[in-house]
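For ligands, and for the atoms within them, numbers begin at 1 and follow the listed sequence.
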Amino acid sequence: MRLSRYFLPVTKETPADAQIVSHKLMLRAGLIRQTAAGIYAWLPLGFRVLKNIEQIVREEQDKAGAVELLMPTVQSADLWRQSGRYDAYGPEMLRFTDRHEREMLYGPTNEEMITAIFRDAARSYRDLPRTLYHIQWKFRDEVRPRFGIMRGREFLMKDAYSFDLDEAGLKASYEAMFVAYLRTFARLGLQAVPVRAPTGPIGGNLSHEFHVLAETGESALFYDAALEDVTHEELLSADASTIARLTELYAMEAEEHEKVAECPVPAERLRTRRGIEVGHIFAFGTKYSASMGLSVQTKDGGSVEPHMGSYGIGVSRLLGAIIEASHDESGIVWPEGVAPFRVGLINMRVDDPACASTCDSLYAQLEQAGVETLYDDRDERGGAKFATMDLIGLPWQLIVGPKGVERGVVELKNRRTGERQELSAEAALARLTLG
Ligand code: ATP
Ligand code: MG
């Protein structure tokens with residue numbers, strides 16, 4: 001992509017209304033633009049990152065055996081009356097009526113809808129187990145939308161729903177999602193701590209939240225320091241034994257921690273940090289199947305209400321969490337894998353023919369090799385170009401100046417380490433195309 005043709009409205013000024021670094025950087029780097037309280041447009045660069053995160057989430061859901069579908073954002077109130085949640089949900093639900101005076105709502109979540117869809121199709125034990133998911137916009141009329149997309153009113157969520165014959169099946173589905181979550185967050189370059197979450201009055205339920213540690217997080221956490229020793233590799237190859245090990249370690253939100261009579265973690269190993277909730281998994285059993293009349297035939301001709309779970313990931317919130325975890329004083333530092341482009345190619349002197357032709361040729365070859373490249377071909381000062389590239393945080397910068405071109409070299413800069421290296425254009429290409 002040529003920057004001269006792109007839409008990248010970066011700003012030098014720190015926006016006055018942004019309180020946390022991720023929100024400031026997202027506005028400054030031209031990733032998002034607020035269009036109403038808690039509602040944002042995703043500008044081209046931000047949209048690319050959002051798609052990359054969505055894709056990693058999707059791949060891990062698919063690997064876990066979940067099946068993707070897409071449910072609408074607008075739902076009917078009648079659906080929610082079947083579960084009894086229409087009145088219970090409260091003012092966070094955005095409600096409206098259509099031209100025929102039918103009551104509608106913008107979905108804050110999809111338990112009712114998926115239960116109805118499954119109910120109308122599933123007949124017998126052969127239709128179980130199944131886990132279905134979608135990645136779709138949600139609306140919650142939050143009292144205090146804040147921190148940009150971190151707590152927005154409209155936000156993108158991955159929500160999965162599992163259907164099992166019995167509690168043992170539900171536990172297996174829950175664990176498959178748990179593993180998928182550990183891998184997803186590890187692939188996104190994040191360390192996410194699984195925290196035991198309260199499950200409400202119904203016994204036998206199981207729930208965990210996943211928190212990215214960050215000073216700006218909205219949740220206060222208490223946990224066993226051993227949770228910090230889990231390695232990236234271990235999370236990437238997580239399995240049932242990883243879950244067993246992790247869930248044995250103490251981790252609670254402050255509110256729940258205070259209710260614990262005796263903390264099982266010795267004081268020297270008890271950490272208290274803040275976290276951003278990026279995911280939440282919940283095994284709730286037959287709550288919706290029972291209230292909405294979902295049952296299937298068993299092998300012996302009887303009938304059973306499927307045991308269900310729901311599993312959310314805040315896809316748009318993850319963007320903020322990644323920036324909170326990965327930035328420096330010059331701007332964002334995208335982990336490979338979510339970066340909007342892999343390489344930023346900087347032409348230091350667009351009016352120098354040798355410089356321009358070296359850049360054009362590098363750009364063509366990078367594109368041909370499938371290396372996503374943002375080519376700064378604008379007529380701008382070098383300093384401004386460097387500042388923009390640092391701000392938007394692409395993993396690699398390839399800097400081409402007239403003096404270097406004369407000597408047959410270009411410069412390759414690693415955004416994370418700041419390390420710079422002079423090498424021939426061919427060697428730089430080889431480095432960047434090798435992965
Ligand atoms: P929170 O406690 O942050 O309000 P929640 O418990 O209401 O979250 P869930 O209903 O479990 O959230 O939704 C699943 C995921 O969706 C959350 O873990 C979070 O990552 C994300 N999410 C929830 N509310 C928002 C929001 N207002 N803006 C952005 N992401 C959100
Ligand atoms: Mg909430």
| query | Is there any N or O on Ser316 that sits under 3.5 Å from an N or O of ligand 1? | reply | no
| What part of Met150, side chain from CB on, backbone N/CA/C/O, both or neither, has a heavy atom under 4.0 Å from ligand 1? | backbone
| Any non-hydrogen atom of Ile149 lying under 4.0 Å from ligand 1? | yes
| Flag, side chain of Thr231 to backbone of Glu234, donor-acceptor distance under 3.5 Å | yes
| request: Can you sort out the partners of Tyr375 under ring-ring contact (aromatic ring centres under 6.0 Å, His included), two or more places apart, ordered by chain and number? | output: Tyr363
| task | Identify, by atom number and element, the atoms of ligand 1 in contact range of Gly152, meaning under 4.0 Å from any of its heavy atoms. | result | 26 (C), 27 (N), 28 (N)
| Any pair counted as ring-ring contact (aromatic ring centres under 6.0 Å, His included), so long as it reaches residues 44-85, sequence neighbours left out | Trp80-Tyr89
| query | Has the side chain of Arg153 got a donor or acceptor atom that lies under 3.5 Å from a matching backbone atom of Gly38? | reply | no
| request: Kindly confirm or rule out a cation-pi arrangement of Arg317 over Phe155, judged by NZ or CZ under 6.0 Å from the six-membered ring centre and within 45° of its axis? | output: no
| task | Have a look at Glu154, Glu142, Glu277 and point out the one with the heavy atom closest to atom 18 (O) of ligand 1. | result | Glu277
| said: Please confirm whether Val278 approaches ligand 1 to less than 4.0 Å, judged on its heavy atoms. | reply: yes
| request: For residues His280 and Phe210, establish whether the separation of their ring centroids is below 6.0 Å. | output: no
| Counting heavy atoms only, which of Lys138, His211, Glu92, Arg151 comes nearest to atom 1 (P) of ligand 1? | Arg151
| field | ligand 1 contacted by Glu209 (non-hydrogen, < 4.0 Å) | value | no
| message | Out of all atoms in ligand 1, which are within 4.0 Å of some heavy atom of Gly279? Include the element for each. | response | 18 (O)
| Short N or O distance, Gly312 and ligand 1, threshold 3.5 Å exclusive | no
| message | Distance alone, cut at 3.5 Å: any donor-acceptor contact between the side chains of Ser173 and Glu175? | response | no
